[in-house]
Structures are given as C-alpha cells and as structure tokens.
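A quick write-up on the structure given underneath.
In this text, all values refer to a predicted model and were calculated from it rather than measured experimentally.
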Amino acid sequence: MPPKPVVRRTHMLRAAAAAVAAAGLLLGQGAAGGKTAASQPEGLTATSAQRLAAMVDAAASMATSSEQLAATWQSLEDSFARGDGGEVSSATLLREPLRALAELNGGLRDQLRLLRDELGELFSTGRSVRLRSVLRALASLPAQHAAQLRDATLSALEWPRRCRAPAALSRYGHFESLHLEHRAAEAELRSIGSQVFVLRDERAAADGTLAGLEERLSLQRARRNGEEYELARYLGSSLFRWDLLRTKVAHHLAHTFTAAQEAAREGTAGTDSQGGAEFAERQLGELEEKLQHAAASHKRLADQRQTLGKQLRSFLKSLVLSCEAASGERSPEAAVSKRYQVLRGKSLGVFAQAAEEFARFLNGTYTQALPQAVALLEEVLSPYAADDDAFVLPTAWKARPKMGRWWEWLEESGRGGGTGGSLPVDSAEFEHRFAAAKRRFSLRVSAAEPVVMAYSLWHILEDELGPVPSDIGHQEVVLSLPSPEDAPGEQSNVTQKPLRNSTFPILPEQQKWVL
C-alpha cells in the first residue's frame, strides 16, 4: 500500500478549503443572484480581494478617525461653553482655527453617515437613488474646501510661533521631519502590501498544486519548523484591522488553494511526474522565501511606524509643556494628569494637540483616503448603475444578523418557507435560527462579486458609526410563557401587560399569558 501523503504546510488552507467545499461555494457563482453568467461582473481573485479589502480598511479607518475627532471637538466646545473669564491665552487663540477644522470634519462625518445610510438602503431594498449623489458630494469635498482647509491649517499650526520657549521653531521643525518619516513609512507599507497580496495569491496556488500532485502520485514531503504558520498569523493580523475583511481574504486564499489542488489532482496542471512534483515544491519554496522577505520588511516598517508615532506624541507633549512653562500660563505639573499622564484642561497643549490631529487628518484624508474610498465604491458598484442615476441590485441583501434585531432574520430562518416567524419559538429554536442566519451571512460575504466589498464596508460603517436610525418601537418584543392551565394544580393571577425588551416574539392572542 502506498504511503499516505503527509501535509506539511497546507493544513490551515485545507481546513478553510474544506469549509468552502462543504458550503458548496464556487466563487464564480457568487451570492448576489439575479445576473446571468454572461452579465456578471468579473469575480474576485485572491489578489483583487486583498487590494479591495485594503481600500475598505482605509475607508473604515477614515470614518472611525472622523468620529473620534468629532467627539474631541465636542469636548473642546463644551470647555469653551464653560467660559474662560475673558482671558486671552495661547490656547484660546486656537479656538477659531480649530472651529473651522472641526466644521470641515463635521461635513466629512455627515457625508460618511449618509454613505452608510445609502449603502444600507441599497443592500436592504436592492435600490438607492441617492447613493450616486453622496459619492459625488464626497468626491467634491477636497476641491470644494481646499482653500478653507489651507487657511485653517495655516492658522491652526501657527501656535509654535507664539511659543516663548528656547528654540521652539527649530524643535517644531524636527517634529515636522518626524511626521515626514512617518508618512514615508506608511507609503512604503502600502507598497509592500501590494507585493504581499500577489505573493500570497501565488503561494496559495503553488501550495495547492503541490498538494494535488502529492495526492495524485502518493508522495509526501518533509515538514518544516513552522515558519509559514508564524508568517500567516502575522500577515492575517497586520494587513487588515477588521475580522470581516480577514475572513473574506482567507476565503479567497482557500479557494485559490482548492482550485489549484483539484487541477493538479485531476492531471490538468500540466505535469504528473515525480519530477514535476519536485519542481512544484522548489517553486513553492521560492515563493515562500519571497513572501518571508516581504513580510519581514513589512514588519520592520510597521514597527518603525509605531516607534515614530510614539516619538511624535512624546515630542509634541514635551514641546507644548515647555511653551506653557515659558509663558507662565500654567505649570507643566498642572497641565498633565497625574494618573494618566495626558494633557488636560484648557491648556495650550490640549488645543495644540487637537489642532495637529485635525489638520493632519483632514489634509491626509482629502489627498488620499477620501478619493480612494470613492474610487473603491465606483469600481465595485459600476455594474449596477441604472439609467436614472440610481444603483440597482438584482436582489436585496440582508443585514448582518444581530441578537438585538431579531425581527430582521427570525422569520426568514423559520421552517416551512418563511412561515416559522408566525409562532412563538423557544430558546433552543431561537438559537438555531440565529445560527442559520449567521451561516447565510457568511455565504453572502463569501461571494465572488466585487460588490461584496461595498457590502462589507456598509457593515463596518454600521459598527463604527452606529446603525441607521430606525423606528423599532413598534416591535412587540415579549417573552411567551405557557398557560397556567397547562400546569396542573397551579393557579395564578397573571397580568395581561406584555413585556418589552425580552427575547421572543408573541402574537396578540397569546398576550394574556405573558407576565
């Protein structure tokens, strides 16, 4: 009997690939539905899925930062509202530039919330007539507000010129040079990331080919020390911030592996000799070496960027504290929280730090993050553009199932073709339907259509910005209990007031048996 093949580097991809096969997911079929094979947009590959996932990641990070800065401004505005006794200090001179920057960020935040709403409209109903205008508004923000942003930035970053500390301007020049290094590290990280995307795709295909040849020829390969597992863990956690995107990318890598494995196993890969297997293993080794080198460079730059970020925060804090000490407005001890060692109060440091964050975020967003986000959505939504300037999907897509919004998925998960939501369910059935709804969502996210990336962005924006406001007060969320008559010997005066904010639905005719 020939020896059983030993899996060396493939068991992680094989496990994911087995899940793909078990679910019957062929990426070419997708989950959008409604389009014929001829009219479907070209499906995602592992490389394009990673590229678009990186763009989704950047767009979601932009929205998160905008929300955080809006909260920062609200705190500062509350500080202004409490009054400062009419005292004019270096800090209060930053008020108007900060207000202008905050208004720009507020406009961006409002448009991003509208984007979340219209993406929700598109996927929930299958049509959005306002999404196109939202994309145009987002695309026009940089040109529309370029002069206002330039003037506000120049005014906000004038604070070092008012600093009386020795060599304040030269120290601020060093701070600027650190920022340039930080930006250069980020740009190089993006460049290396693009190389990694291709290498991960090629490696998955080469690994699948070798695995298929091993099965076909009953060969085995020696085990290594596990460098590939460490590499996979690092790349999985560092390239994308959100688990939804990591899962999406892992699925496409697993599909690439499976497709190559099946082609090699069936003899359509172009070679079926032992020499071909040895060549495939050498090719895999070369790709792994390149990927290891790229990942090492990526990690080195990521560590450098993190170190530069810490230096920037520390240097800025040191500079503004020296400015306050030189002006006599406040002692460094009073400006820093003893417990958390952060700047506090209405000191120059607080407002200077806010000015730096607002100005640099908005300038970076207008030049790169925002145009990239619009380009992403234009790319993946263009196949669904209608003649009336609307976007129309073949079918509506369900939102991610959440326990607190059970009415969105409970009936769909019921037995009997959608009639299961007409009767109360017990806890076990409720959990069973929730698990089924989550499986359907996973299938949807696994689809090959590029529009799935916009679908993923919608869900991340809902998580980061909050869900679309809706009137859910009409939902009768109550707990169904058995009738006292069904319990022998039990007598009880049961009120007829239905409970809300419980887990299970109830019909009007059953409300007399709820507490």
Side-chain angles (χ1 to χ4, degrees), residues 13 16-17 20 25-33 35 37-62 119 122-123 135 189-209 232 235-236 238-263 287 290-291 294-295 298 368-369 371-385 391 393-394 397 442-460:
L13 281 176
V20 173
L25 291 179
L26 296 177
L27 287 182
Q29 295 175 358
K35 282 183 176 287
S39 62
Q40 273 191 337
E42 184 178 352
L44 292 171
T45 65
T47 298
S48 62
Q50 291 177 92
R51 177 182 65 83
L52 294 176
M55 297 172 75
V56 171
D57 192 275
S61 298
M62 170 183 63
L119 286 175
L122 174 65
F123 289 109
L135 292 178
L189 274 173
R190 289 191 294 270
S191 176
I192 293 178
S194 299
Q195 301 172 29
V196 168
F197 299 158
V198 176
L199 287 172
R200 292 180 85 190
D201 191 353
E202 293 177 348
R203 183 205 172 278
D207 205 4
T209 298
L235 293 177
S238 63
L239 293 176
F240 310 104
R241 297 175 180 87
W242 278 270
D243 287 338
L244 183 62
L245 300 177
R246 296 171 185 167
T247 302
K248 175 67 173 171
V249 168
H251 172 86
H252 283 275
L253 290 171
H255 179 267
T256 299
F257 174 91
T258 302
Q261 182 187 32
E262 291 176 352
L287 286 171
K290 291 180 181 178
L291 188 56
H298 190 279
Q368 181 172 355
Q372 178 180 273
V374 174
L376 160 71
L377 292 171
E378 291 282 3
E379 177 181 348
V380 301
L381 293 175
S382 59
Y384 307 96
F391 288 108
L393 296 177
W397 294 32
S442 296
L443 293 178
R444 177 72 74 182
V445 172
S446 300
E449 288 85 353
V451 72
V452 174
M453 307 311 296
Y455 183 61
S456 300
L457 177 59
W458 169 42
H459 286 290
I460 295 174

Please report the C-alpha distance between Leu244 and Val56 in whole Å, then the side-chain angles of each, then the deciding distance to 0.1 Å, and finally whether the side-chain contact (heavy atoms from CB on, under 4.5 Å) criterion is met.
CA-CA 11 Å; Leu244 183 62; Val56 171; over 6 Å; no
Can you give me the closest heavy-atom contact between Leu253 and Gln50, atom names plus distance?
CD2-NE2, 4.4 Å
Using 0.5 Å steps for rounding, measure from the CD atom of Glu379 to the CD atom of Gln372.
10.5 Å
Is the shortest side-chain heavy-atom distance between Glu449 and Tyr384 below 4.5 Å?
yes
Asp57 (side chain) donor-acceptor with Phe240 (main chain) under 3.5 angstrom:
no
Can you say whether the rings of His251 and His255 are parallel (under 30°), tilted (30 to 60°) or perpendicular (over 60°)?
parallel
Considering all heavy atoms of both residues, which atom of Val249 and which atom of Ala53 are nearest to each other, and what is their separation?
CG2-CB, 4.0 Å
Minimal non-hydrogen separation, Ala54 against Phe197, with atom names:
CB-CZ, 3.9 Å
Could I get the full list of side chain to side chain contact (heavy atoms under 4.5 Å, CB included) partners for Ala385, not counting sequence neighbours?
Arg132, Phe391
Let me confirm one number: the CD1-CZ distance from Ile460 to Arg241, rounded to the nearest 0.5 Å.
10.5 Å
Look up atom CG in Asp201 and atom CZ in Phe257, then write down how far apart they are to the nearest 0.5 Å.
13.5 Å
For the pair Val380 and Met55, evaluate side-chain contact (heavy atoms from CB on, under 4.5 Å) and give the outcome as yes or no after the intermediate values.
CA-CA 12 Å; Val380 301; Met55 297 172 75; over 6 Å; no
Heavy atoms of Ala448 and His252 approach each other most closely as CA-CE1, 4.4 Å
Measure the CD-OG1 distance between Glu202 and Thr47 for me, rounded to the nearest 0.5 Å.
7.0 Å
Go through Arg200 and Thr256 one step at a time and tell me if the side-chain contact (heavy atoms from CB on, under 4.5 Å) criterion holds.
CA-CA 10 Å; Arg200 292 180 85 190; Thr256 299; over 6 Å; no
Shortest non-hydrogen separation from Leu44 to Met453 and the atoms involved
CD1-SD, 4.1 Å
Out of curiosity, Leu122 CG to Leu393 CG, how far, rounded to the nearest 0.5 Å?
4.0 Å
Residues which pass side-chain hydrogen bond (donor to acceptor under 3.5 Å, both in side chains) with Ser238, listed by chain and number, not counting sequence neighbours
none
Which atom of Ala260 lies closest to which atom of Ala205, heavy atoms considered
CB-O, 3.2 Å
Let me confirm one number: the NE2-CG distance from His459 to Leu245, rounded to the nearest 0.5 Å.
12.0 Å
Report yes if some heavy atom in the side chain of Pro383 is under 4.5 Å from a heavy atom in the side chain of Val451; otherwise report no.
no
